[in-house]
Amino acid sequence: MAKINFGGVMEEVVTREEFPMSKAKETLNEETIAIIGYGVQGPAQALNLRDNGFNVIVGQRKGTKTWDKAVEHGWVPGKTLFEVEEAAARGTMIQFLLSDAGQIALWPTIKPHMTKGKALYFSHGFGITFKEQTGIIPPADIDVILAAPKGSGTSVRRLFLQGKGINSSFAVYQDATGKARSRAIATGIGIGSGYLFETDFKREVFSDLTGERGTLMGAIAGIFEAQYEVLRAKGHTPSEAFNETVEELTQSLMPLVAENGMDWMYANCSTTAQRGALDWKKRFKAATLPVFYELYESVATGAEAKRTIDTCSKPDYREKLAEELRELRDSELWQAGAAVRSLRPEKNVVEASMINR
């Protein structure tokens with residue numbers, strides 16, 4: 001593993017140079033990788049592995065939308081696409097890529113097929129870390145491994161097709177064969193990871209749940225709403241409020257951060273913006289730090305897991321989720337966003353080119 005300096009802390013990471021695709025293929029040469037779950041991560045990981053030359057099959061319920069999606073993606077019923085039980089029986093590595101609630105529901109179906117020497121693979125540590133609540137307790141004679149891309153399935157596939165890759169963590173929970181670590185790393189390389197950093201199942205899920213509820217989704221959405229509301233209350237138009245709250249951040253500033261870091265972004269903004277940002281950053285950190293500690297404790301104590309399991313397992317969950325998302329979509333903030341996106345020059349160019357075909 002390569003030693004990399006992360007802000008003064010040395011970490012070991014696995015890169016494509018030291019663990020190339022040829023080594024990954026050699027490691028998994030005799031494996032049949034069965035993808036169980038074709039919703040968010042499933043399609044991206046399955047297609048990336050297939051494109052990279054691995055032996056992959058998909059397990060889905062026939063007659064469902066996800067079965068039809070798999071067929072559209074080129075998986076052939078009876079050859080590379082099977083009912084869940086048959087795919088689990090055929091696979092030597094079972095990639096359990098259903099939602100957390102879906103994993104709980106399907107585990108009694110999958111467990112009988114987890115026979116000696118197989119590998120049970122996750123892209124999230126939830127099911128194993130909170131096993132007392134999920135009931136997902138694997139047999140002792142199999143490998144239990146994880147490779148967790150740090151992004152959505154859409155990003156995993158999109159970056160792969162661009163010839164890039166998305167960073168992933170990897171972990172070994174149980175090594176029954178002596179091959180668990182190499183299996184995890186090889187699969188991480190196979191799905192197109194840029195590099196892999198080591199973790200364990202608990203740290204993966206604690207950081208993941210904190211991040212999703214924090215800066216990745218929950219916090220940023222709340223901050224968007226708060227600033228937009230203040231600007232509108234002070235008489236600014238929806239267009240101005242949205243552009244100053246969301247559009248400039250996502251389209252201009254965050255790409256600069258991604259390229260060279262926050263300091264570089266600051267250095268390439270006006271002096272007025274620099275000064276104000278540096279001064280107010282401390283206020284926002286002081287205001288939100290207690291909230292993040294509270295959030296992390298809620299994750300660590302299992303409260304977040306319990307809330308997720310209880311809520312997502314209710315029969316009307318999808319209907320209520322659809323209503324929550326509809327309210328979000330129909331809010332003035334995101335209706336303004338839809339209008340702003342429709343006016344982006346590149347969208348107009350693409351639409352014009354499609355019309356002219």
Side-chain angles (χ1 to χ4, degrees), residues 1-4 11-37 41-59 75 79-80 82 87-97 110 113-125 128 138-151 153 156-157 159-161 163-201 204:
M1 297 177 72
K3 286 186 176 295
I4 306 294
E11 281 190 45
E12 292 185 336
V13 301
V14 179
T15 67
R16 294 176 182 178
E17 287 70 29
E18 60 187 309
F19 205 110
M21 191 64 65
S22 58
K23 184 175 180 179
K25 289 181 179 179
E26 181 181 351
T27 301
L28 303 181
N29 181 50
E30 297 182 1
E31 305 277 12
T32 298
I33 303 171
I35 308 290
I36 308 298
Q41 282 287 338
Q45 295 197 32
L47 294 170
N48 289 3
L49 286 164
R50 185 178 70 182
D51 289 353
N52 277 329
F54 293 86
N55 181 24
V56 187
I57 61 174
V58 172
W75 303 100
K79 293 185 178 180
T80 56
F82 303 93
R90 287 172 175 262
T92 59
M93 290 184 62
I94 310 302
Q95 292 198 202
F96 209 24
L97 299 180
I110 296 296
H113 301 289
M114 298 310 307
T115 52
K116 183 177 180 179
K118 287 191 176 186
L120 179 61
Y121 165 105
F122 295 87
S123 281
H124 189 28
I128 293 293
D141 56 0
I142 67 168
D143 292 342
V144 181
I145 60 177
L146 173 148
K150 297 299 106 180
V156 171
R157 184 59 176 167
L159 291 172
F160 175 84
L161 292 174
K164 298 177 181 178
I166 195 163
N167 303 328
S168 302
S169 60
F170 77 96
V172 174
Y173 176 77
Q174 187 168 281
D175 185 5
T177 68
K179 303 184 297 181
R181 184 181 176 84
S182 60
R183 276 171 147 177
I185 294 173
T187 311
I189 295 295
I191 64 175
S193 301
Y195 76 86
L196 294 141
F197 60 94
E198 192 165 9
T199 187
D200 59 42
F201 275 61
E204 191 284 329

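- Between the Lys179 side chain and the Thr27 main chain, no donor and acceptor come within less than 3.5 Å of each other.
- Contact annotation: the side chain of Arg157 approaches that of Asp51 to within less than 4.5 Å [non-hydrogen atoms, C-beta and beyond].
- Shortest non-hydrogen contact noted between Gln45 and Ser123 is NE2-OG, 2.9 Å.
- Remark: Glu26 CD is loosely packed, at most 12 non-hydrogen atoms of other residues, nucleotides or ligands lying under 6.0 Å away.
- Here the straight-line distance linking atom CG of Asp200 with atom CD of Glu198 works out to 9.0 Å at 0.5 Å rounding.
- The shortest heavy-atom contact between Arg183 and Ala119 is NH1-CB, 3.3 Å.
- Each of Leu120, Ile36, Leu49 was evaluated against Gln95; a single residue qualifies, Leu49, per the side-chain contact (heavy atoms from CB on, under 4.5 Å) test.
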Q.
Please evaluate residues Thr187 and Phe170 with respect to the criterion side chain to side chain contact (heavy atoms under 4.5 Å, CB included), reporting the C-alpha separation (whole Å), side-chain torsions for both, the decisive distance (0.1 Å), and the verdict.
A. CA-CA 9 Å; Thr187 311; Phe170 77 96; over 6 Å; no
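- The closest donor-acceptor contact from the side chain of Gln174 to the backbone of Ile142 lies under 3.5 Å.
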Q.
Ile94 vs Met114, test: side chain to side chain contact (heavy atoms under 4.5 Å, CB included). Steps then yes/no.
A. CA-CA 8 Å; Ile94 310 302; Met114 298 310 307; 3.5 Å; yes
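- Panel note: side chain Lys118, backbone Ala89; a donor-acceptor pair is recorded below 3.5 Å.
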Q.
side chain to side chain contact (heavy atoms under 4.5 Å, CB included), that's the test. Do Phe54 and Asn48 meet it? Break it down for me.
A. CA-CA 9 Å; Phe54 293 86; Asn48 289 3; over 6 Å; no
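- The structure places CD1 of Ile189 at 10.5 Å from OG of Ser22, a figure rounded to the nearest 0.5 Å.
- Annotation: the span from Phe19 atom CZ to Leu196 atom CG amounts to 9.0 Å, rounded to 0.5 Å.
- Between Gly151 and Ile166, the shortest heavy-atom contact is CA-CD1, 3.5 Å.
- By the 6.0 Å contact criterion, CD on Glu30 is open, its count of non-hydrogen atoms from other residues, nucleotides or ligands being 12 or less.
- The shortest heavy-atom contact between Val172 and Ala180 is CG1-CB, 3.8 Å.
- Here OH of Tyr195 is found 4.5 Å from CG of Asn167. Values are rounded to the nearest 0.5 Å.
- Counting only heavy atoms from C-beta outward, the side chains of Phe122 and Tyr173 never approach each other to under 4.5 Å.
- Each of Ser168, Ser193, Ser169 was scored for a side-chain contact (heavy atoms from CB on, under 4.5 Å) with Lys150, with one residue passing: Ser169.
- Rounding to the nearest 0.5 Å gives a distance of 5.5 Å between CE of Met93 and CD1 of Ile33.
- In this structure a side-chain-to-backbone donor-acceptor pair under 3.5 Å is present from Asp143 to Ala176.
- Taking every heavy atom of both residues into account, Asn52 and Met21 meet most closely at ND2-CE, 3.4 Å.
- Remark: the backbone N or O of Gly192 is paired with a side-chain donor or acceptor of Arg16 at under 3.5 angstrom.
- Pairing each heavy atom of Ala184 with each of Ala171, the nearest pair is CB-O, 4.2 Å.
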Q. Phe160 and Ile191: side chain to side chain contact (heavy atoms under 4.5 Å, CB included), yes or no, with the steps?
A. CA-CA 8 Å; Phe160 175 84; Ile191 64 175; over 6 Å; no
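- A distance of 11.5 Å separates CD1 of Ile35 from OG1 of Thr80, quoted to the nearest 0.5 Å.
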